Amino acid sequence: MVTLYFLTIWRTQTGQEVDFLIEMAEKLVAIEVKWSHRIEESDMKNLKMLAEDLKERLLFSVIIYSGVEPIPLAPKIVVMPLPIFFGI
């Protein structure tokens, strides 16, 4: 069995965007990258818009950041430090 993954971005006509979407079997995972050591409520704004747009197709969202702790922010949004996300 061959598994195909597709990588793209999401951008609205008014300029809101999410850095990466990974598609697998018609389901999506959203990834937003922030270089900050802290995550603010505003960092989730575009992910929430994406979730409204994609509904059930979106499995969950990840914010990768330069902090040190994983943080569950919402039922389908988690914050992951860069080294943990990449397993290093």
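All values reported here derive from a predicted model rather than from experimental measurement. Note that these values count all heavy atoms, side chains included, but never hydrogens, waters or copies made by symmetry. Start at 1 with the first residue, then count along the sequence.
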Nearest 0.5 Å, what's the [atom1]-[atom2] distance between [X] and [Y]?
X: Leu21; Y: Leu54; atom1: CG; atom2: CG; answer: 6.5 Å
X: Lys34; Y: Leu82; atom1: NZ; atom2: CG; answer: 14.5 Å
X: Leu59; Y: Leu28; atom1: CG; atom2: CG; answer: 7.5 Å
X: Ile64; Y: Glu32; atom1: CD1; atom2: CD; answer: 9.5 Å
X: Ile84; Y: Tyr65; atom1: CD1; atom2: OH; answer: 8.0 Å

Do you know the tightest heavy-atom contact between [X] and [Y]?
X: Asp43; Y: Ile63; value: O-CD1, 4.0 Å
X: Ala30; Y: Leu58; value: N-CD1, 3.8 Å
X: Gly67; Y: Pro81; value: O-CB, 3.2 Å

| Set of residues satisfying side chain to side chain donor-acceptor pair (under 3.5 Å) with respect to Lys48, sequence neighbours excluded | Glu41
| Hey, are the side chains of Leu73 and Ile39 touching, using non-hydrogen atoms and a 4.5 Å cut-off? | yes
| task | Decide whether Val68 and Val33 are clustered together by the hydrophobic rule: side chain heavy atoms of Ile, Leu, Val, Met, Phe, Trp, Tyr closer than 4.5 Å, transitively. | result | no
| message | I'd like to know if the side chain of Asn46 and the backbone of Glu17 have a donor-acceptor N/O pair within less than 3.5 Å. | response | yes
| Is there a donor-acceptor contact under 3.5 Å from the side chain of Ser66 to the main chain of Trp35? | yes
| salt bridge (charged side-chain N to carboxylate O under 4.0 Å, His left out) pairs, two or more places apart, involving residues 51-74 | Glu23-Arg57
